[in-house]
Amino acid sequence: MAETQDPKKPGSNMSRRNFLKNTGLVAGGLIGGGLFGGLITNQMKKPANNGKKPAATANHDMDARTFFSRTDDFETLSAATERLYPEDKNGPGAIALSVPYFIDRQLAGDWGSNAHEYMKGPFPQNQESAYYENQSKDQNKQGPNADVQTPTPTPRYQTRMNRGEIFREGVKTLQDVANTKHKKKFAELEGEQMDAILTDFEEGKIRMNGIDSIAFFNLLLQTTVEGAYADPVYGGNRDMAGWKMKEYPGPRMGYLGQIEDEEFAVMKQESLRDYQDMWG
Amino acid sequence: MAKKLEKVDVVVVGSGWAGGVVSAEVAKAGYKVVTLERGKPVDRQDYIGVKDELRYTDRYEMMQNLAPETITSRNTLEEEALPVRTRNEMMAGTDLGGGSVHWAGATYRWRPIDFQFRTKTVERYGEKKIPEGMISRDWGITYEEMDPYYDKWEKTAGISGEEDPLGEKRSNPWPNPPMKESPAVKLFKETTKKMGYHPYQVASANLSQSYTNPDGETIAQCMFCSFCTQYGCDFGAKSDPLVTVIPTAVKTGNCEIRTHSLVRRVLHENGKATGVMYVDLRTGLEYIQPADVVVLGAFSFTNNRLLLLSKIGKPYDPVKRTGVIGRNFNGQFNITFLGARGFFEDKKFNLFMGAGALGGALSDFAGDNFDHSDVDFINGGGIEIRQYGHGPIATNKVPRGTKQWGPEFKDKSLHYTNRSLVVWYTPAVMSWWHNYTSLDPTYTDEFGDPLLRITNKYTDHDKAMAKFGIEKCTEIMEKMGADIVDPDEIPEEFDHIYDGGHYAGGVSMGEDPATSAVNNYLQLWDMENLFVVGGSAFPQFGGHHPTATIGALSYRASEGIIKYLKEPKLLTQPKKAAAKA
């Protein structure tokens with residue numbers, strides 16, 4: 001069966017019935033009845049786009065969760081990123097840019113599990129380490145070459161949790177706060193209500209286990225910006241729309257002939273893949 | 001049980017500019033060299049087609065893996081140091097060519113006051129100008145004596161530069177003409193010229209034309225592709241050890257480079273180094289490489305740590321103020337490179353184009369080029385504008401007071417993407433008795449060896465210098481016509497972020513073994529067949545980017561090593577230094 005499919009569109013010729021048959025759910029007799037069957041049916045009937053998730057496109061094979069296993073968690077994450085980077089007159093917001101999937105994939109990889117970070121103890125549980133302050137300045141960190149760094153604050157990292165764990169804890173805390181304050185899911189809140197909660201995180205007013213809420217907020221903001229503007233190979237910046245808004249052309253051989261030009265150069269976007277193809 | 005290998009003339013630890021230059025020079029002189037590099041082997045092919053901001057700039061692809069080893073950091077002697085855990089906070093290069101591969105390429109010579117700090121300061125301003133606790137001093141070498149070594153390294157690297165009108169005398173001009181001028185750089189130069197300053201094009205290791213160096217290595221012309229700082233060059237157009245000294249060393253037939261080889265100890269007997277012990281990181285097997293001369297040419301942190309772990313030289317004790325290893329730690333951190341950011345409404349620059357060292361600079365406030373009688377600091381720094389070629393993740397600067405997220409952030413960050421410039425001050429950093437390196441009592445590496453611990457805090461002197469620089473840069477940015485000018489703020493304290501690679505000292509050079517670890521050939525006073533080469537030798541940090549000085553010192557050290565191989569002895573005689581320093 002796999003051979004007959006268009007590799008770019010897995011599932012394109014796969015009906016809902018086939019999907020269920022292949023997963024064994026029909027054989028199990030669960031379809032159409034009982035709680036589990038109902039759940040499946042509802043989700044299948046109302047797929048992907050409920051306004052909180054990126055719409056399915058030809059690229060939707062890249063849009064599957066490999067880190068967040070719970071839909072609720074992912075919807076909370078998606079809603080939060082959209083508040084940080086909303087759709088506006090300039091163009092798409094975080095959800096349409098597929099930022100939530102970018103974050104999910106980053107957390108599933110070695111960055112999310114802190115593979116290259118020093119994670120040996122002891123992790124002293126004092127004020128400084130568990131609830132460290134945001135030590136960044138107003139604008140961005142300085143020092144040699146600061147101008148090429150991500151302009152998000154970088155507090156000192158002294159928690160035993162890796163980034164993936166921080167995100168799980170952070171998303172859960174977003175949900176808990178939404179529930180306590182408004183008796184609703186985070187993603188179902190009004191925009192202003194979400195912003196108020198996010199502001200509390202940003203200001204360190206929310207108590208989290210093992211880490212300051214500022215640290216989670218900063219990670220969320222950093223990865224949202226990265227997801228909007230990193231090369232599309234990482235799952236965000238869908239259709240290079242982030243780069244289009246930024247008038248950023250993508251990687252090129254060079255600008256030897258243009259570097260002295262006074263005119264601003266408007267160029268069509270090209271991706272890392274386009275660039276690598278040029279080298280053959 | 002470590003396996004003992006066949007003895008060689010010289011074993012070199014590290015393969016960046018320091019280890020690379022020494023390997024090439026000693027091998028060219030006919031001696032057998034083994035160069036040990038802990039990272040993997042790489043060459044230009046590894047950097048073709050990898051223009052990926054997330055991977056290199058934000059995920060630090062070319063930086064040391066910190067999982068097995070990092071440093072710890074604290075501000076004062078009373079504090080317990082904590083590990084610097086993430087690559088976002090600790091930037092040090094790895095792999096063949098070391099940190100010298102990801103560098104930007106900005107090239108400056110340091111100034112007479114850097115090399116003869118104490119002599120020149122006392123001469124012009126009197127003893128009282130040097131504040132209590134500052135231990136900056138003379139290097140035991142003058143600018144005039146450094147000139148031929150600078151010249152040699154600049155020719156190896158093919159530096160492309162314009163004469164600094166306020167620079168010191170040079171025996172030769174830069175080997176290549178300056179890079180092209182972008183409109184942003186032009187604006188900086190025209191504005192500052194009108195203000196009465198003396199701007200020039202930053203000298204660059206991104207070459208303005210194709211060039212063959214005296215060793216026969218060819219470096220290509222820079223394409224202004226923007227993927228430079230924190231990247232290896234696609235085109236072989238940025239001077240680094242991979243396109244210069246490493247192939248030069250290898251083609252002599254006298255130099256064997258062993259990668260994946262982590263040196264854990266310098267071995268010694270009766271006051272002489274006998275070789276090094278290293279681990280092949282692929283197999284975990286230990287080896288002993290005996291040699292007549294041992295050269296530590298690794299990053300400053302590694303040079304410091306290997307001496308301390310190997311119990312060579314007397315460790316610095318800040319309370320008693322005795323000992324030398326770890327003394328004079330210095331570097332450029334978040335109190336440097338401060339200035340002003342300007343936002344322009346009616347100008348739009350092609351900021352996504354650029355090169356690591358594309359920029360303009362002025363030296364009117366560098367070194368002792370201005371009168372310090374009425375300021376409460378000594379020495380100075382360059383003022384620079386740089387056009388690295390900005391990636392879209394990095395360019396989200398918004399005027400101060402703008403919310404950092406939400407609709408206003410998105411709109412303004414997009415609007416100002418190509419309308420925002422920075423001018424900054426790159427001040428010298430003095431050494432203080434309380435800033436030093438030592439071994440950490442708690443945290444260890446993957447083998448159980450203690451991590452290196454940095455103790456570093458800021459002084460009123462640092463803050464006065466930063467304030468001065470911010471004021472000068474703010475004035476320039478206003479004159480450049482920015483509609484909004486945000487002067488940087490001075491941090492209260494060092495934030496433990498080791499960003500940019502400018503951390504130095506700890507194995508500092510000088511004339512008096514009571515206060516310095518190495519002499520002016522970078523030969524250890526306490527072990528004459530051990531040379532410690534690199535930024536670790538800086539007694540204090542100069543007011544410009546450091547790479548050229550590391551390159552020059554590496555040629556100086558190579559000369560010393562070859563002298564020593566011919567006639568083993570202490571190459572300079574110790575002098576008792578004047579009073580305090």
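Below, chain A is the first sequence line, B the second, and so on; all start at residue 1. Nothing here was measured: the structure is a model prediction, and the numbers come from that model. The analysis underlying the following values was restricted to heavy atoms, covering all of them including side chains, and did not include hydrogens, waters or symmetry mates.
Residue contact with chain A, scored on non-hydrogen atoms closer than 4.5 Å, is absent for Glu493(B). For Ser226(B), the part lying under 4.5 angstrom from a heavy atom of chain A is the side chain only. Residue Glu82(A) does not touch chain B at all, counting heavy-atom pairs closer than 4.5 Å. Of the atoms belonging to Lys347(B), not a single heavy atom falls under 4.5 Å from chain A. Heavy atoms of Leu358(B) lying under 4.5 Å from chain A belong exclusively to its side chain. Only the side chain of Arg59(B) comes within contact range of chain A, with heavy atoms under 4.5 Å apart. When heavy atoms are compared at a cutoff of 4.5 Å, Asp277(A) does not approach chain B at all. Within the 4.5 angstrom heavy-atom criterion, no atom of Ala228(A) approaches chain B. If you measure heavy-atom distances from Gln221(B) to chain A, the contacts under 4.5 Å come from the side chain alone. Only the side chain of Arg163(A) has a heavy atom closer than 4.5 Å to any heavy atom of chain B. Contact annotation for Phe227(B): only side-chain heavy atoms (C-beta onward) come within less than 4.5 Å of a heavy atom of chain A. Of the two parts of Leu66(B), the backbone and the side chain both hold a non-hydrogen atom closer than 4.5 Å to a non-hydrogen atom of chain A. Neither the backbone nor the side chain of Ser271(A) comes within contact range of chain B; no heavy atom of the residue lies under 4.5 Å from a heavy atom of that chain.
Under the 4.0 Å criterion applied to side-chain N and carboxylate O atoms, Lys412(B) and Glu408(B) are assigned as salt-bridge partners. Between Arg55(B) and Glu61(B) there is a salt bridge, since a side-chain N of the basic residue sits under 4.0 Å from a carboxylate O of the acidic one. At a threshold of 4.0 Å, the pair Asp486(B)-Lys397(B) does not count as salt-bridged, since none of the basic side-chain nitrogens sits closer than that to a carboxylate oxygen.
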Could you list the donor-acceptor pairs under 3.5 angstrom formed between side-chain atoms of residues 256-268 of chain A and any protein atom two or more places apart in sequence or on another chain?
none

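Under the 30°/60° scheme for interplanar angles, the aromatic rings of Tyr498(B) and Phe494(B) are found to stand perpendicular. Ring orientation note: the planes of Tyr388(B) and Trp424(B) are nearly perpendicular, at an angle over 60° on the 30°/60° scale.
Most heavy-atom pairs under 4.5 Å with chain B, from the set Arg252(A), Met253(A), Met278(A): that is Met253(A). In terms of heavy-atom pairs under 4.5 Å with chain B, the best-connected choice from Gly242(A), Gly93(A), Ala230(A) is Ala230(A). Between chain B and the options Asp195(A), Asn114(A), Asp110(A), heavy-atom pairs under 4.5 Å are most frequent for Asp195(A). Between chain B and the residues Gly254(A), Pro251(A), Pro249(A), Pro122(A), the largest count of heavy-atom pairs under 4.5 Å involves Pro122(A).
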Practice task
Report the C-alpha separation of Asn350(B) and Ser182(B) in whole Å, then their side-chain angles, then the decisive distance to 0.1 Å, and conclude whether the side-chain hydrogen bond (donor to acceptor under 3.5 Å, both in side chains) test is met.
Solution key: CA-CA 9 Å; Asn350(B) 287 311; Ser182(B) 69; over 6 Å; no

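Pairs of residues two or more places apart, or lying in two chains, that qualify as salt bridge (charged side-chain N to carboxylate O under 4.0 Å, His left out) and include a residue from residues 89-108 of chain A are Lys89(A)-Asp411(B).
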